[in-house]
Amino acid sequence: MQRLKPKSIPSCNKNFIFTAVKDDKRIDGRSSKDFRKLSIGFGLDYGSSVVSLGDTRVMCNITYQIAEPKAVKSCEGLLNIRVDLTASMIHTYEKVVEIMRMIEKNVKDSRCLDLESLCIISGEKVYALETDIIVMNDDGNLPECCSIALLASLSHFKRPDVSVVEDKIKIHSFDERHPIPLNILHYPFCTSFTFFDNSKFVCDPTQAEEQVCDGYLIVGSNIYREITTIHISGKSAITKDVVLNCCQLAIERSKFLTNFVKLVVEQDLKKRSTEGAEIGYAPLIRESSSVLCSYKKEEIELQEVQENYDDDDVIIDLEVAQNTKMYRYASDTVGIGEGRGQNWDFIDEFQENVENDENEDMYIEDEETTNNEDEPDSKAKQFSKRSKNSNKYQEITVEDDLSEEEVQILNPPEFK
Amino acid sequence: MESRILLESTSVKTPFRIDGRKPHEVRSLTCRLGVFQQADGSSYVKLGNTQVLATVYGPHDTRGKSNPEKSIINCKFRLSTFSKSTRRNLHRDIRSIEISNNLTQVFDSAILTELYPHSQIDIYLEVVQSDGSDYAACINAASLAIIDAGIPIKDVVCACSAGFIDNQPITDINAVEESSNGTPILTIGMLPKDKQILSMESSGGIHLDNLNDVMDAAIEGCKSVLFIMKQTILNHIQELKD
């Protein structure tokens with residue numbers, strides 16, 4: 001598949017982000033340790049969720065099937081995690097693998113899900129959970145957003161009850177027996193930090209910050225102060241103390257996220273039990289401030305911002321500015337001064353050609369008028385007439401008698 | 001399961017591991033430079049029973065895209081089909097791709113890539129026998145092969161793994177310790193002079209209070225690995241001189 005290249009960032013933007021980070025400031029008004037607004041929504045089915053973290057939006061869906069267990073772990077259910085980045089289009093396969101392995105290590109290797117409870121008949125039949133994480137919009141910090149979506153879906157998911165009678169499995173529908181939630185032992189969340197010069201770092205990076213940064217550190221941690229996974233890469237000077245410091249921050253974030261996810265899932269389940277309440281994604285689309293609606297950036301306070309001039313900048317004198325004539329050529333083109341008159345012979349013809357190309361419609365109109373008037377005059381005359389007629393297109397011309405008519409003098413802008 | 005791995009002997013106070021090592025002991029490390037003739041640089045690393053072959057080609061012209069500012073690093077990691085007790089299927093192994101990615105990132109920041117614009121450096125790693133700490137052995141082997149090829153690098157990149165079993169940090173984990181359930185594993189690849197961590201991968205839960213000790217164990221392991229690597233390099237250069 002043809003993939004798009006990521007937007008390249010100009011070096012002035014790069015420098016801007018770098019210097020802003022040094023002053024503990026960021027382009028969206030956050031401080032270096034602030035996170036973006038998080039919201040979670042659930043679908044009609046159990047185990048379907050959408051998470052938005054700022055502009056990053058991720059959907060996670062869990063389905064199940066009955067499968068044969070692995071030979072080594074005959075009494076454990078299966079959990080397959082897939083990450084799909086095709087919607088954001090700019091990622092390579094390596095990036096997909098990196099995020100997928102990151103989340104897999106975080107969730108599977110830390111054994112946060114009790115897989116043994118998913119066993120039906122040991123060595124023969126187990127539940128296989130298929131989790132699909134779809135990235136709908138990427139604005140940085142994908143590992144965290146994906147891990148939140150996965151854990152929100154896992155804690156929301158319910159499987160049907162199963163009974164085994166003489167080696168025959170019967171799956172009971174939700175109407176028949178109450179569905180059973182999964183056993184989640186702890187909630188390991190990923191948190192990313194991006195590093196800039198001199199081991200300055202920011203939490204919850206946006207896409208621009210991720211592209212500009214020197215290196216990044218992703219920490220998976222849970223509420224019990226356990227570090228489930230760490231991933232460091234890049235050129236920045238990350239030392240042991242910095243890692244430990246970041247782990248501390250990640251744990252604080254995990255505490256908040258664990259409570260948040262638990263609360264949101266509880267609210268949704270409560271909604272389902274009350275009659276007449278609207279559930280699923282449909283009401284979320286109607287709401288103006290929900291997960292599925294576009295994220296409105298908060299207004300940044302600009303009180304601290306001061307205008308500063310460099311000494312090199314030439315500040316125009318008010319007197320000079322007022323006396324200078326400014327001409328408007330088009331709606332967004334303005335010129336200062338007229339320039340000197342010139343007596344080159346070919347200029348008229350040349351300008352006419354340009355004129356023809358630019359204002360073809362006008363030319364045709366004018367031609368009709370000249371035909372009606374039946375004046376096959378010299379080309380210079382034709383041209384002057386045409387420019388007289390065409391008031392819409394204010395042109396600057398060399399002829400002395402025309403210039404005053406055509407030129408519009410604007411009020412000079414106020415200079416400080 | 002875990003008690004089998006870390007045996008506490010009654011007579012001596014320090015516990016021993018399943019292969020008779022002390023907790024902070026690194027397996028015997030043998031390195032060799034210049035193993036292959038046709039490659040620009042090559043090395044062989046034997047860390048206990050883990051054996052890795054590394055070859056480096058380049059810097060040469062790029063195939064396809066080139067970068068006008070620096071050279072492209074292309075790293076390929078491969079676990080050979082016969083490296084483990086059961087025959088491996090090579091098709092779409094996600095773990096190998098992950099390790100390849102990580103190695104690319106490590107050497108992209110370690111090698112002075114700005115010196116070779118519009119060029120490419122290929123690093124191929126083949127694990128001949130796998131007995132734990134494959135990633136660490138690969139970083140060591142690749143860094144030796146790059147030095148053999150004469151490509152300028154910031155420092156000798158060294159790596160070591162560490163784990164945590166029975167409230168005891170252990171250095172350089174073998175396959176049995178790796179496969180036991182719930183053992184946290186942490187691999188650090190670093191530039192030893194600046195003590196800058198280039199790569200750090202961990203899986204399994206480590207409590208934050210113990211993380212410092214485990215990282216210390218890995219960094220200590222890096223130091224002892226570095227000592228042997230430096231000696232091998234010096235010996236190799238001496239041989240070339242003679």
Side-chain angles (χ1 to χ4, degrees), chain A residues 5 71-73 76 81-83 92-102 104-112 185-186 188 195 199 214-222 224-248 250-251 254, chain B residues 65 69-70 74-75 86 92-114 154 164 178-179 181-191 193-216 218-219:
Chain A
K5 277 185 189 171
V72 193
K73 294 166 182 170
E76 281 188 8
I81 298 167
R82 268 189 300 273
V83 178
T92 50
Y93 184 58
E94 283 81 37
K95 180 85 180 168
V96 178
V97 169
E98 191 188 319
I99 293 172
M100 196 141 74
R101 275 292 297 168
M102 193 76 226
E104 215 175 71
K105 269 198 268 183
N106 200 26
V107 171
K108 271 183 164 177
D109 294 0
S110 70
R111 310 185 66 75
C112 76
L185 306 173
H186 59 91
F195 285 78
S199 70
D214 281 342
Y216 54 91
L217 162 65
I218 302 168
V219 183
S221 59
N222 66 15
Y224 304 110
R225 298 171 63 79
E226 270 180 340
I227 307 299
T228 47
T229 178
I230 291 182
H231 175 77
I232 291 178
S233 74
K235 289 182 183 180
S236 53
I238 300 175
T239 52
K240 204 180 76 182
D241 298 336
V242 179
V243 173
L244 292 173
N245 187 12
C246 287
C247 288
Q248 196 74 47
I251 288 166
S254 295
Chain B
K65 269 192 274 178
E69 280 164 18
K70 56 178 195 172
N74 174 34
C75 232
T86 49
R92 275 179 80 90
D93 184 5
I94 232 176
R95 233 183 76 83
S96 299
I97 297 167
E98 189 209 7
I99 292 178
S100 299
N101 285 349
N102 290 339
L103 285 166
T104 310
Q105 282 168 351
V106 167
F107 288 103
D108 193 32
S109 38
I111 294 172
L112 302 174
T113 47
E114 311 86 51
K154 282 179 190 163
F164 197 77
E178 214 168 58
S179 60
N181 260 340
T183 313
I185 304 157
L186 184 143
T187 307
I188 288 183
M190 62 190 295
L191 294 174
K193 219 175 254 173
D194 310 343
K195 295 194 171 155
Q196 181 185 333
I197 299 169
L198 280 184
S199 165
M200 181 161 153
E201 300 296 319
S202 93
S203 63
I206 310 172
H207 198 273
L208 184 64
D209 299 347
N210 304 324
L211 184 67
N212 194 12
D213 296 340
V214 180
M215 279 175 80
D216 274 340
I219 289 168

Let me know if [X] has heavy atoms under 4.5 Å from chain B in its side chain, its backbone, both or neither.
| X | result |
| --- | --- |
| A:Arg225 | both |
| A:Ile251 | side chain |
| A:Met100 | side chain |

Rounded distance [0.5 Å steps], [atom1] in [X] versus [atom2] in [Y]:
| X | Y | atom1 | atom2 | value |
| --- | --- | --- | --- | --- |
| B:Asn101 | A:Tyr93 | CG | OH | 10.0 Å |
| B:Ile185 | A:Thr229 | CD1 | OG1 | 11.0 Å |
| B:Thr187 | A:Ile232 | OG1 | CD1 | 11.5 Å |

So, do [X] and [Y] sit near enough that their side-chain heavy atoms are less than 4.5 Å apart?
| X | Y | value |
| --- | --- | --- |
| B:Leu208 | A:Ile227 | yes |
| A:His231 | B:Met200 | no |
| A:Lys240 | B:Asp216 | yes |
| A:Glu98 | B:Gln105 | yes |

Notebook entry, point to check: Can you say whether B:Asp209 sits under 4.5 Å from chain A via the side chain, the backbone, both, or neither, judging by heavy atoms?
Noted result: side chain
Next item on the list: Go through the atoms of B:Ile188 and report whether side chain, backbone, both or neither lie under 4.5 Å from a heavy atom of chain A.
Entry: neither
Notebook entry, point to check: Minimum heavy-atom separation for B:Ser109 to A:Gly234, with atom names?
Noted result: OG-O, 3.7 Å
Check: Between A:Lys235 and B:Gln196, which heavy-atom pair has the shortest distance, and what is it?
Finding: O-NE2, 3.1 Å
For chain B, which of [options] has the most heavy-atom pairs under 4.5 Å?
| options | result |
| --- | --- |
| A:Ser110, A:Gly215, A:Ser221, A:Ser233 | A:Ser233 |
| A:Ile218, A:Asn222, A:Val243, A:Val242 | A:Val243 |
| A:Val97, A:Ile230, A:Leu217 | A:Ile230 |

Notebook entry, point to check: Do you know which of B:Leu211, B:Val106, B:Ile219 has the most heavy-atom pairs under 4.5 Å to chain A?
Noted result: B:Leu211
Notebook entry, point to check: Can you list every salt bridge (charged side-chain N to carboxylate O under 4.0 Å, His left out) pair that touches residues 95-109 of chain B, not counting sequence neighbours?
Noted result: A:Arg101-B:Glu98, A:Lys105-B:Glu98, B:Lys70-B:Asp108
Notebook entry, point to check: What do you reckon, is CD of B:Glu114 surrounded by more than 12 foreign heavy atoms closer than 6.0 Å?
Noted result: yes
